[in-house]
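Below is one structure, written out as structure tokens; comments come after it.
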Number of protein chains: 2
Amino acid sequence: MVGRLIAELKQTKPFRSRADEAYLNLVRTADLLKHDVAGFLKPFGLTPTQYNVLRILRGAGGAPKTCGEISERLVTAEPDVTRLLDRIERQGLLDRERSASDRRVVRSRITAKGLDLLATIDQGIDAHQARRLGRLGSERLTQLIDILEDLRA
Amino acid sequence: MVGRLIAELKQTKPFRSRADEAYLNLVRTADLLKHDVAGFLKPFGLTPTQYNVLRILRGAGGAPKTCGEISERLVTAEPDVTRLLDRIERQGLLDRERSASDRRVVRSRITAKGLDLLATIDQGIDAHQARRLGRLGSERLTQLIDILEDLRA
DNA sequence: TGACAATAGTCGTTGAAACGTACATTTCGC
DNA sequence: GCGAAATGTACGTTTCAACGACTATTGTCA
């Protein structure tokens with residue numbers, strides 16, 4: 001099989017290396033999928049990162065999380081978590097309160113409204129992702145996950 | 001092997017689906033690699049997208065390209081190619097001129113300065129990528145490329 | 001030919017990302 | 001305990017991304 005990306009990007013010359021080809025494929029595919037998700041989330045007024053934050057807070061099961069904890073768990077690196085949380089709070093999807101014991105710390109918790117919104121979105125997202133990624137069988141899905149985790153090890 | 005991403009994001013709960021896990025792994029890995037490349041390009045005053053444009057123009061082998069052609073070939077989708085080219089032109093790395101036969105069209109061409117810069121950067125980038133992606137053997141590299149191209153088919 | 005659609009690029013505006021830095025608070029070492 | 005370092009968050013500023021709307025030019029076809 002001749003590299004599909006070459007045709008896709010209408011390139012006439014091959015990549016400079018196999019690693020280069022893999023990198024470009026990876027970045028391109030991630031960009032496409034992320035745009036897809038972004039389009040899906042848009043009607044709900046959320047960006048993928050904001051959706052990610054809400055999932056983190058829900059995953060905490062009611063335990064509020066600090067900015068630092070949220071930052072560590074974000075799938076994509078974000079500077080300035082403060083203003084990211086500002087935007088979500090402005091929509092009433094999370095609450096924040098300053099810790100009494102350590103007054104430097106601010107903890108965030110998802111609100112009932114946030115949980116409702118997530119519940120609504122999740123169904124659609126899951127179906128969406130299943131359609132998108134389902135084309136790979138479960139075996140190749142596992143291979144993909146394996147390789148990606150290895151790449152970050 | 002237990003999903004590495006779960007530990008990495010300090011999640012206690014598993015992903016909602018295998019597709020979800022693959023998606024998050026993909027987006028996270030691409031983000032890490034792209035940040036890596038961005039850090040490498042920074043001293044040269046280029047973003048990954050700007051570097052991408054210059055490579056497209058060099059790949060054209062002296063034939064100037066229109067905004068639309070550049071846009072089609074970009075690895076990550078960009079609205080507003082005009083201002084993207086503005087920023088690169090401001091650094092003297094490309095030239096633009098309006099077509100005489102179709103006065104709606106503007107063609108861009110990489111300058112000698114742009115070619116020099118690319119030549120300097122390429123060596124470092126290649127070594128960088130080889131180090132990063134080399135950890136996968138050539139077989140898994142091929143598997144990865146295959147799966148990603150399949151995912152976009 | 002002349003109205004209308006399609007195409008290529010540009011621009012205004014809003015909001016968000018990037019980056020560094022600053023501030024408040026706590027912890028540590030002596 | 002007192003100064004210095006570390007920590008957690010916030011903010012100023014510059015640049016960029018996103019989205020629409022708009023202009024200019026060319027193509028279409030009745």
Side-chain angles (χ1 to χ4, degrees), chain A residues 27 30-32 34-53 56 64-91 93-109, chain B residues 27 30-32 34-53 56-57 64-91 94-109:
Chain A
V27 170
D31 187 63
L32 283 175
K34 206 176 167 192
H35 264 79
D36 230 31
V37 169
F40 187 88
L41 291 174
K42 180 150 209 190
F44 300 102
L46 290 180
T47 63
T49 303
Q50 292 173 357
Y51 174 62
N52 191 189
V53 169
I56 290 166
K65 290 237 165 293
T66 68
C67 295
E69 287 168 337
I70 293 170
S71 181
E72 280 178 334
R73 287 168 175 78
L74 280 170
V75 172
T76 59
E78 289 290 327
D80 208 348
V81 173
T82 302
R83 277 179 281 209
L84 170 59
L85 294 177
D86 282 349
R87 283 173 231 126
I88 305 175
E89 187 180 27
R90 220 175 289 141
Q91 300 184 57
L93 303 174
L94 64 77
D95 280 332
R96 283 190 285 186
E97 66 180 8
R98 197 161 283 275
S99 160
S101 59
D102 184 340
R103 305 209 20 252
R104 291 170 305 183
V105 171
V106 173
R107 287 179 209 284
S108 300
R109 185 176 32 201
Chain B
V27 170
D31 188 63
L32 284 174
K34 205 175 168 193
H35 264 80
D36 231 30
V37 169
F40 187 88
L41 292 175
K42 181 151 207 189
F44 300 101
L46 290 180
T47 63
T49 302
Q50 291 173 356
Y51 174 62
N52 191 188
V53 170
I56 290 167
L57 293 180
K65 290 235 165 296
T66 67
C67 294
E69 287 168 336
I70 292 170
S71 180
E72 279 178 337
R73 286 165 175 80
L74 280 171
V75 172
T76 58
E78 289 290 327
D80 209 349
V81 173
T82 302
R83 276 179 281 208
L84 170 58
L85 294 177
D86 282 349
R87 292 187 282 269
I88 305 175
E89 186 179 27
R90 220 175 291 140
Q91 301 183 56
L94 64 77
D95 280 333
R96 284 190 283 186
E97 67 181 8
R98 195 162 285 274
S99 159
S101 60
D102 184 341
R103 308 214 15 256
R104 291 170 303 182
V105 171
V106 172
R107 287 180 210 285
S108 301
R109 184 176 33 199

To the nearest Å, how far apart are A:Glu97 CD and D:dG8 P?
18 Å
Base, sugar-phosphate or nothing for B:Arg83? Non-hydrogen atoms, less than 4.0 Å.
base
Could one point to a donor on the side chain of A:Arg104 or the base of D:dT9 with an acceptor on the other under 3.5 Å away?
no
Would you mind telling me which residue lines up with the more 5' stretch of DNA chain D, A:Lys42 or A:Gly68, judged by nearest nucleotide?
A:Gly68
Would you call B:Leu74 and B:Leu84 a side-chain contact if the rule is heavy atoms closer than 4.5 Å?
yes
Starting from C1' on D:dT9, measure out to CG on A:Leu84 and report it in whole angstrom.
14 Å
Would you say B:Asp95's side chain and B:Ser108's backbone share a donor-acceptor pair under 3.5 angstrom?
no
Once you round it to whole Å, what is the distance between P of D:dG8 and CD1 of A:Ile70?
13 Å
Under 4.0 Å, heavy atoms only, any strand: does A:Thr76 hit a base, just the sugar-phosphate, or nothing?
nothing
On DNA chain D, compare the nucleotides closest to A:Thr82 and A:His35; which residue's is nearer the 5' end?
A:Thr82
Carboxylate-amine/guanidinium contact A:Asp80 A:Arg83, below 4.0 Å:
yes
Go through the structure and list residues passing ring-ring contact (aromatic ring centres under 6.0 Å, His included) with B:Phe40, not counting sequence neighbours.
B:His128
Hey, are the side chains of B:Val53 and B:Ile70 touching, using non-hydrogen atoms and a 4.5 Å cut-off?
yes
In whole angstroms, how far is the P atom of D:dT7 from the CD atom of A:Glu72?
12 Å
Measuring only between side-chain heavy atoms, which start at C-beta, is B:Ser99 closer than 4.5 Å to B:Arg107?
yes
Rounded to whole angstrom units, what separation is found between the CZ atom of A:Arg96 and the P atom of D:dT9?
10 Å
Under 4.0 Å between a side-chain nitrogen and a carboxylate oxygen: does that hold for B:Asp86 and B:Arg96?
yes
May I ask you to say what A:Arg98 touches in the nucleic acid, namely base, sugar-phosphate or nothing, with a heavy-atom cut-off under 4.0 Å?
sugar-phosphate
Set of residues satisfying side chain to side chain contact (heavy atoms under 4.5 Å, CB included) with respect to B:Thr47, sequence neighbours excluded:
B:Thr49, B:Gln50
Distance check: side-chain N/O of A:Arg103 vs OP1/OP2 of D:dT7, anything under 4.0 Å?
no
Looking across every strand, which nucleic acid part, if any, lies under 4.0 Å from A:Ser101 by heavy atom: base, sugar-phosphate, or nothing?
sugar-phosphate
Whole angstroms only, please: what is the CG-P distance between A:Leu46 and D:dA18?
17 Å
With nearest nucleotides of DNA chain C determined for B:Leu85 and A:Ala77 from heavy-atom distances, which residue corresponds to the more 5′ nucleotide?
B:Leu85
In whole Å, I'd like the distance from the CZ atom of A:Arg107 to the C1' atom of D:dT9.
13 Å
Under 4.0 Å from a heavy atom of chain A: give me the 5'-most and 3'-most nucleotides of DNA chain C that qualify.
C:dA16 to C:dT26
Using a heavy-atom cut-off of 4.0 Å across all strands, would you classify A:Thr66 as base, sugar-phosphate, or nothing?
sugar-phosphate
Rounded interatomic separation in angstrom, taking CG from A:Asp80 and P from D:dG8:
17 Å
On DNA chain C, more 5' by nearest nucleotide between A:Pro79 and A:Asp102 is A:Pro79
